Amino acid sequence: MNIPSRYDPKATEDKWYTYWLENGYFRSRPDGRKPYTIVMPPPNVTGVLHMGHVLNNTLQDVLIRRARMAGYNACWVPGTDHASIATEAKVVAHLRAKGIEKSDLSRAEFVKHAWAWAHKHGGIILEQLKKLGASCDWARIRFTLDEVLCESVTRAFVDLYERGLIYRGYRMVNWDPQAQTTISDEEVSHVEKRGKLYYLRYPIKGLNAFVTLATTRPETILGDTAIAVHPDDERYAHLRGKTAIVPIANREIQIIQDEYVDREFGTGCLKITPAHDVNDSEIGDRHQLEIIDIFNEDGSLNAHGRHYEGKDRFAARRLIVKELQEKGFLVREVDYAHKVGTSERTGAVIEPKRSIQWFLKMKDLAKPALEAVSNGAVALVPAKFERAYRHWMEGIHDWNISRQLWWGHPIPAYYYGEGPADFVVAQGPEKALEQARKKSGNPDLQAADLKRDPDVLDTWFSAWLWPISVFDGIRRPDNAEMTYYYPTQDLVTAPEILFFWVARMIMAGYAFKRQKPFSQVYLTGIVRDKRGRKMSKSLGNSPDPIALIERYGADAVRVGMLLTAPAGNDLPFDEALCLQGRNFANKIWNAFRLVQRWEIGEKRQPDYAALGVSWFTNRLNQALHQLERDFKAYRISAALMRLYKLIWNDFCALYLEIAKPPYGEKIDAKTASQTRQLFEDILKALHLFMPFLTEEIWQRFARRGEREALIITDMPESKPYDEKLIRAFGFSVQVVSALRHFRSEKNIPNAEKLTVFVSERETHRHFDPVICKLAQLAELRYVDGKIDGAPIVRAGLNEYFIPGEEAVDTRAERAKARAEITHLQGFLKRVQKELDNADFIDRAPESVVAAARKKQADAREKIKRLQRHIEDLKG
RNA sequence: GGGCCCUUAGCUCAGCUGGUUCAGAGCACCUGUCUUACAAACAGGGGGUCGCAGGUUCGAACCCUGCAGGGCCCACCA
C-alpha cells in the first residue's frame with residue numbers, strides 16, 4: 001500500500017465527521033453514567049464564523065471529547081441566538097438596500113422578513129462548526145425564538161413580574177437615537193471624545209448681572225429648568241432665591257442649591273436639564289423641577305427646540321453656539337476631552353432620556369449569584385475575573401429589559417386602558433383577558449380591548465435562561481433531561497460578556513432553579529490580529545476560518561488556535577500557527593507511515609528496542625499524569641504543547657529512532673506491536689485536539705470491522721512511572737547529542753564507527769544499547785582511571801572520551817575547560833557564601849542545606865577534574 | 001475618578017506555596033544536510049543583568065514600596 005508522504009486533511013475530514021454523525025457518537029441521552037454537559041454560547045443566528053468562535057468552540061470540543069473518552073455521558077448543546085437588536089439592524093440594512101424602509105412595513109411584515117432572513121442565514125455558523133469538528137449533539141439544536149424558548153421566556157417574565165421583580169417605570173434610560181430603542185447600561189460604552197466646554201452666561205432677573213456656567217451640551221439649554229450651585233459656595237450666595245433667564249428660550253428658571261455641584265469644576269454653576277442627563281434628572285427630582293424633553297426619537301429637536309425644531313442635535317449644537325455667540329451669551333469655549341456614552345451597537349452617542357420602560361430589579365437576584373462565586377460553587381477561570389464580577393454585582397442597577405424593536409420576544413403585557421396601572425401581565429391573551437376583567441372590574445372587556453405591549457425584550461433576557469431553557473426546564477421544571485443534565489459543568493465564553501450573560505445566567509439559575517447553571521466558567525482570551533488589534537469586519541483583519549481550514553486542515557487550525565490561547569489572555573492570532581499545526585499533523589502522519597511499512601521478521605526483540613519501550617512507556621505515563629493536571633487547571637494550551645513535545649521530541653525523534661530496525665532489516669513482532677500500542681495511546685490523548693487525523697490513523701491501524709471509532713474509546717489512564725529511569729535516559733540522550741555533535745563537527749559519516757571510552761564514576765549503563773543505536777555506529781568501552789584527552793561530554797559524573805589526537809583541538813579544548821572552571825568557581829563562591837552564612841545553616845530547611853553541600857562537593861570535584869585535564873592537554 | 005492586570009530570548013508565553021545549575025518552552029533565526037517515515041524534515045548552534053529603583057529575607061524572576069511603559073474593566077462630574 002502506497003501512503004502519500006503528506007497528510008491530506010481533505011481526504012479524511014468529511015469522511016470521519018459523517019461517520020461519527022451517522023453512528024450517533026455525538027448524541028447524548030440520559031442514562032446511568034455521569035453527565036458532562038456544556039451549553040454552547042449561542043452565536044447570532046445570522047452570523048458567520050469568526051476566529052473568536054473557532055477559539056471557544058475548539059476549547060469546548062476539546063473538553064467534551066475528553067469527557068466522552070473519560071466515560072462521561074458527554075452532551076454539548078448547540079444553538080443560535082436571535083440577537084434581537086443586531087439582527088434587526090441587519091434586516092433593516094438589507095431591506096434598505098432593496099429600497100424598503102422599515103417604516104413602510106407593518107410589524108407583521110417586518111417580522112416575516114426577519115424570519116426569512118434568519119432562515120436563509122440561520123445556522124450557517126453551525127454548519128461551519130461542523131467543519132471544525134465540533135462534536136455537538138445536533139439533535140438538540142435550539143434557537144432562542146423556538147416555541148419552547150419563547151414560552152419559557154414569557155413564563156420567566158410573568159413569574160418575575162408576579163414576584164414583584166419586574167416593574168414598569170418612567171425612568172432615565174439610555175436612548176440610542178439611531179436604532180431608536182433603549183439599551184441597557186451594559187450596552188453603553190464610554191468613549192473618550194474630543195469636545196468643547198462652553199462657558200455660557202445667563203442673565204439674572206432683577207439684577208443687572210449674569211451667572212456663568214460651563215456645559216458640553218449647549219443645545220440642551222432649551223431644556224434647562226434650573227441652575228444649581230453648591231449651598232456652601234460663597235461666590236453665589238447672593239443668587240439665593242433669584243431666577244435666571246435661559247438665553248434663546250427666554251424662559252425664567254430658578255437658581256437652586258444642591259450639594260451635588262462640584263465647586264471646583266467650571267465656574268461652580270451647573271445648568272440643570274432633567275430630561276437629558278442622569279444627574280440632572282436626580283437633582284430635578286429632589287427639587288421638583290419641570291422636565292422639558294427637547295428631542296424627538298431620532299435625536300432631532302422637537303417643538304421645544306423652537307426655531308431649531310427638526311434639526312439634528314449636533315447640527316443644532318453648532319447653530320445654537322453661533323447664536324449664543326452673536327447675542328453675547330457665549331463667554332468662551334475651551335477644548336475638552338471627555339468620555340461620551342455611545343451605543344455599542346450603532347456607535348451613536350447615547351441620549352439619556354426619561355421614558356416608560358420595563359425594568360428588572362437586580363439586587364435580590366444578585367445575592368445568591370454573588371455568593372456562588374465567592375464560595376467557589378461557580379469558579380471563574382482564570383480567577384482574576386472574580387474580583388471584577390464581585391464588583392459589578394455589588395454595584396448592580398436595575399436592568400432595563402424592554403426594547404423598541406420588532407424582532408424578539410414580545411413583552412407579555414396587555415393594556416386595557418390609558419392609566420399607568422391599566423395593564424396586566426400574563427402568559428397569553430386568554431389569561432390576560434381574564435385578569436384584565438378582574439383587575440379593571442369590567443367583566444365586559446373583550447380581547448379586542450386589550451392592546452399588547454409593542455416592545456420586545458432585550459436579547460439577553462432570553463439568553464440568560466439558556467442553560468435551563470435548552471432542557472425545557474422553565475416550562476417543565478422537573479423533566480428527566482433537566483434533572484439529569486442540569487447543572488451543567490463547564491461554560492466557555494469570552495470575558496466581554498461576563499456581565500451581559502454569564503452573571504445573569506448565574507442569577508437566572510438561582511432565580512428559577514435554586515441551583516447554579518454550571519460549575520466552571522472558562523473565560524477565553526480575545527482573539528486579536530498580529531498587531532494586537534481586535535479582529536473586526538471593518539478592519540478586515542479577521543481571517544475566514546473556513547478558508548484557513550481549506551488551506552491547512554481543521555486539525556491544524558484547531559492546533560494553531562490553541563497553541564497560544566491561555567485563558568483570559570488576549571491572543572494575537574497569526575496564520576503561521578496554523579502552519580505549525582499542519583506541520584505537526586504531517587509529522588505524525590509520517591510516523592504512521594514508518595510504523596506501517598515495517599515488515600515483521602522472525603528475530604527476537606533487540607535490547608535497545610526493549611529499553612526504548614520501557615523508557616517511552618514511563619515517559620508516556622508521566623506525560624499523561626501531567627496532562628491530567630493541566631486539564632484540571634484548564635491549562636488547555638499547555639496540555640497541547642505538552643503533547644506536541646511528547647510526540648515530536650520523545651516519540652518521533654527518540655522512541656521511533658530507537659525502535660526502528662537497522663536499514664534493510666525487519667522488525668521483531670514484539671517491538672512492532674508494542675510500538676503500535678504506544679502509538680495508539682498517543683492518538684487517544686491527541687484526539688481531543690486533532691480529531692480527524694487521529695481517527696484516520698487509528699482506523700488504518702485497525703483491521704476491517706475490528707473496532708468502531710477512536711472518538712468513543714477510553715482515554716489511557718496514567719499509570720505509575722519511574723522518574724529515575726526517565727532521568728537516566730536523559731543522561732544517555734546527552735551522550736548521544738554529544739556524539740552527534742562530534743560527528744558533525746569532525747565530519748565523520750555515520751557509517752564510520754565511533755569508539756567511546758567511558759571513565760565511569762557512577763553507573764549509568766542501563767541505556768547503553770540505546771546510546772549505541774541512536775548514535776548510529778558507536779561502541780562504549782568502560783575504563784578505570786585516567787584517559788588521555790578531553791571528554792566530549794559528561795553525563796552525571798561520567799566522562800565520555802573519544803581517543804585520537806586528531807579528534808581534539810587542544811587549545812580550544814583548554815579554553816573551553818577554563819571557561820567552565822570560571823563559571824564553576826563563580827557558582828562555588830555563591831554556594832560557599834551561602835554555607836558560610838550561619839543564618840543560612842540555622843534557618844534554611846535541612847534539605848536545602850544538604851543540597852547546597854552536595855552542589856559544593858560536585859562543583860569542587862568538577863573543577864579538580866577540569867584542572868587535571870588542562871594539565872593533561874599541556875603534556 | 002475607582003478598580004484590576006501585564007512588563008522574562010527577535011515573537012508568543014511557562015515559571016505552582018520564595019530554596020537542587022532556575023533563567024525555561026514553542027516559534028523565528030544561524031550553520032550544515034534531499035541520511036534508508038517525514039526538506040511541511042533531520043543534525044547542530046547562538047540568544048535574556050527576568051521593565052527601572054529601592055526594601056524585606058540566610059536566600060528574590062517570585063514578597064513589599066515607588067517609578068516608567070502597555071492593556072482591560074467599571075463609573076452620572078457638567
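Bear in mind the structure is a predicted one, so any value in this text is a computation, not a measurement. Letters go in sequence order (proteins before strands), and every chain restarts at 1.
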Fill in: A:D630: salt bridge (charged side-chain N to carboxylate O under 4.0 Å, His left out) partners, not counting sequence neighbours
A:R635, A:R642
Worksheet item: So does A:E846 have more than 12 non-hydrogen atoms from other groups sitting under 6.0 Å from CD?
Response: no
So which nucleotide from [options] ends up closest to the side chain of [X]?
| X | options | result |
| --- | --- | --- |
| A:F265 | B:G45, B:A37, B:A78 | B:A78 |
| A:A591 | B:A37, B:G19, B:C77 | B:A37 |
| A:R740 | B:G44, B:G26, B:A41 | B:G44 |

Worksheet item: Which residues pass the side chain to side chain donor-acceptor pair (under 3.5 Å) test with A:N279, sequence neighbours left out?
Response: A:Y260
Nearest-Å distance once atom [atom1] is located in both [N] and [M]:
| N | M | atom1 | answer |
| --- | --- | --- | --- |
| B:C74 | B:C27 | C1' | 37 Å |
| B:C29 | B:C11 | P | 14 Å |
| B:G54 | B:U12 | P | 29 Å |
| B:C30 | B:C38 | P | 25 Å |

Discussion item. Checking A:D233 now: which residues fulfil side-chain contact (heavy atoms from CB on, under 4.5 Å) with it, not counting sequence neighbours?
Written reply: A:H230, A:R235, A:Y236, A:R263
Practice prompt. Could you pull out all residues at least two apart from A:S355 that satisfy side-chain contact (heavy atoms from CB on, under 4.5 Å)?
Written response: A:V173, A:Q357
Are any protein N/O atoms closer than 3.5 Å to N/O atoms in nucleotides 59-61 of chain B? If there are, list each pair with its distance.
none

Got a sec, which residues hit ring pair (Phe, Tyr, Trp, His ring centres under 6.0 Å) with [X], two or more places apart in sequence or on another chain?
| X | answer |
| --- | --- |
| A:F592 | A:W589, A:F701 |
| A:H338 | A:Y336 |
| A:F584 | A:Y644 |
| A:F616 | A:F651, A:Y655 |

Practice prompt. Sugar-phosphate means primed atoms, P, OP1 and OP2; the rest is base. With that split, encode nucleotides 1-10 of chain B 5' to 3' as B, S or - using protein heavy atoms under 4.0 Å.
Written response: ---S------
Worksheet item: Between A:Q734 and A:S737, do the side chains contain an N or O donor and an N or O acceptor separated by less than 3.5 Å?
Response: no
Worksheet item: Just checking, any donor-acceptor pair under 3.5 angstrom between side chains of A:R629 and A:Q626?
Response: no
Worksheet item: Residues from residues 270-282 of chain A sitting under 4.0 Å of RNA chain B, heavy atoms only?
Response: A:L270, A:N279
Response to the item:
Nearest heavy-atom contact between A:N400 and A:T182 is OD1-OG1, 3.1 Å
Fill in: Dot-bracket encoding per residue of RNA chain B, Watson-Crick/G-U cut-off under 3.5 Å, | denoting interstrand
(((((((..((((.....[....)))).(((((.......))))).....(((((..]....))))))))))))....
Worksheet item: To the nearest angstrom, how far is A:M561 atom CE from B:G26 atom P?
Response: 21 Å
Item to complete: Record whether the side chain of A:R582 comes under 3.5 Å of the base of B:A40 through a donor-acceptor pair of N or O atoms.
Response: yes
Item to complete: Tell whether A:Q580 reaches the base of B:A28 with its side chain through a donor-acceptor pair below 3.5 angstrom.
Response: no
